[in-house]
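Here the structure comes first, spelled out in structure tokens, and everything after it is commentary.
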Amino acid sequence: MAGQYLVKIVKKEQLGKEIFRLTLHAPEIATTARPGQFVMLRSGGLLDPLLGRPFSLHQCRADGSIQVLFKVFGAGTKRLAALAAGDQASLIGPLGRGFDLTPPAPGVSLCLVGGGMGIAPLFLLAQELKRQQPGLTIELMLGARNKAELHQLADEFRLMGFSPLVATDDGSLGYAGLVPDLLALNVPSAGKARRVYCCGPKPMMAVTANYCQKQGWDCQVSLETMMACGISACLGCAVKGVGRRGGQVRYLHACKDGPVFNALDLDWTSE
Amino acid sequence: MRVVEQIDLKVKIGSMVLNNPVMTASGTFGYGQEYAKFVNLDKLGAVVVKGISLKPRAGNPPPRLVETPCGMLNAIGLENIGIKAFLQDKLPWLRGVAAPIVVNILGNTVEEYAELADRLDNTEGIGALEVNISCPNVKRGGVVFGADPTMAAAVTKAVRKATSLPLIVKLSPNVNDIRIMAQAVADHGADGVSLINTLLGMAIDLQTRRPKLANVMGGLSGPAIKPVALRMVWQAAGAVRIPVIGIGGIMCAADALEFIVAGAHAVEVGTANFVNPRATEEIVDGISLYLKTNKISSLEQLRGSLILS
């Protein structure tokens, strides 16, 4: 069950020019969170920036710590990047619906597709899938703007026993192009049915969702939206769903109905 | 040293008795249940639920939110489940909460407000109605009810006629003179006024030269608006005899107490719930502690105690 906690920053790592990873001591969350769930994190006591920021859980560890991974983008992330080990932060979580981990039909392989900071939740997801379904093939496809943003995360996956395929926009590491392109590459599992778990920038997820739909594959996407509360009170995190409800547009809410959605439930034509 | 035996935090709005002056602001607290795992709802003065309309409303397209300095803009578009689903799915759970439940209502026409009030009248488990008049009147070319004293009075009168429940009218700050609005609704049967609703604002993304909200304009809330809210509450409290409920950027007990000094009987806590889900309960405790520490035996002693000379 979600709770509100004042927690201590255990460690801060800088993984790239503007990429940071915070380790926070939050045993209540570490022991109960499921892959794809998120937390609202806020540097405590300030009126500006006012709101917490939603982060999907990057790692939950046996020592009771959790990790979030983020890129400095605005005032909130800038403030969080300025925190140091020993500082306190306010945390609400675990929140939302995570990924669906039910075993796929026989012969279906699992494929995790992450772009940029969307790679963050795939760590927890990959570990949990491997633990729950040890016999299954788990493919990993990771993309980022360049080598500097990707190589450490890809290396960490290798240390965990995965063999990620990588793509960069500028070709400085792996395939030069977009990560969803990797789905069409001639790899051992090509041509076989896959279940795709995807997280990344919206255009990248739209391409992935579209490709999966054409192939008839199950595709789960984890969305990132602006949120004020994270607990379904503000209704600010609306995303357009397919179909209509009572003659009106059908909005879903990322904090409660998501942040992980079946790609077929979302209207990818809207902005 | 005189020991204060018991702190009286009770407040009366019409016939509704609150155990303390801390209420939740509509639209920031869901239907109460969302906060039950963070806050002991029984300890609050009252729970004001998300605004309800006759028919469900889908709300505005995203983006609906943007953070601004010390505040936020929202254009949710009054998304709600409608009166039928509220009565069926939400109210039964709310009946188990010890604090009075205040139902916020909104409509497109005077008749819709009256129909909502009529349907909520005689419904078990409702402490009061709060009328959101910051909605466009579709019969008057979309002019907001709360921007015109005649229309605000007409809504109040119609709702008053439809129900014997205590009636709070929530005022819009987007007016020339808040005193005229407060008087207009007080003269037509309101038992209290709550203010302020959000201030109309906007935000622009310079890179794309687009508005940051899909709706272009939105309502500003949070600590940024507290000085404006305090001023308007002070003006309204001087203009009407009915209780004034202060709303606007209340983040902590000290903020709430400032509104009481300005003349408010009670307060509503809004945006603070997003930042700190426990805010309301902490404010109740903070008010008690302040009164104890300062040896003030009742809220009444503090209310409207602003020293001007």
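For the numbers below, each heavy atom of this structure counts, side chains included, while hydrogens, waters and symmetry mates do not.
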_Nearest-0.5 Å distance, CG of residue B:N74 to SG of residue A:C234_ = 8.5 Å

_Does any backbone or side-chain atom of B:T271 lie under 4.5 Å from a heavy atom of chain A? Answer side chain, backbone, both or neither._
side chain

*Quick one: what part of B:Y31 sits under 4.5 Å from any heavy atom of chain A, side chain, backbone, both or neither?*
neither

*Quick one: which residues of residues 16-30 of chain A reach chain B at under 4.5 angstrom, heavy atoms only?*
none

*With a 4.5 Å heavy-atom cut-off, do B:P61 and A:V249 have their side chains touching?*
no

*Side chain, backbone, both or neither: which part of B:K55 has an atom under 4.5 Å from a heavy atom of chain A?*
neither

_Any heavy-atom pair between the side chains of A:M226 and B:V66 that's under 4.5 Å?_
no

_Rounded to the nearest 0.5 Å, what separates atom CZ in A:R42 from atom CZ in B:F274?_
13.5 Å

*asked:* So for B:P277, is it side chain, backbone, both, or neither that comes closer than 4.5 Å to the heavy atoms of chain A?
replied: both

*asked:* Heavy-atom cut-off 4.5 Å, strictly under: side chain, backbone, both or neither for B:N273 against chain A?
replied: neither

*Is the backbone N or O of A:L51 less than 3.5 Å from a side-chain atom of B:E67, with the two atoms forming a donor-acceptor pair by type?*
yes

_Segment of A:M40 engaging chain B (4.5 angstrom heavy-atom cut-off)_ = neither

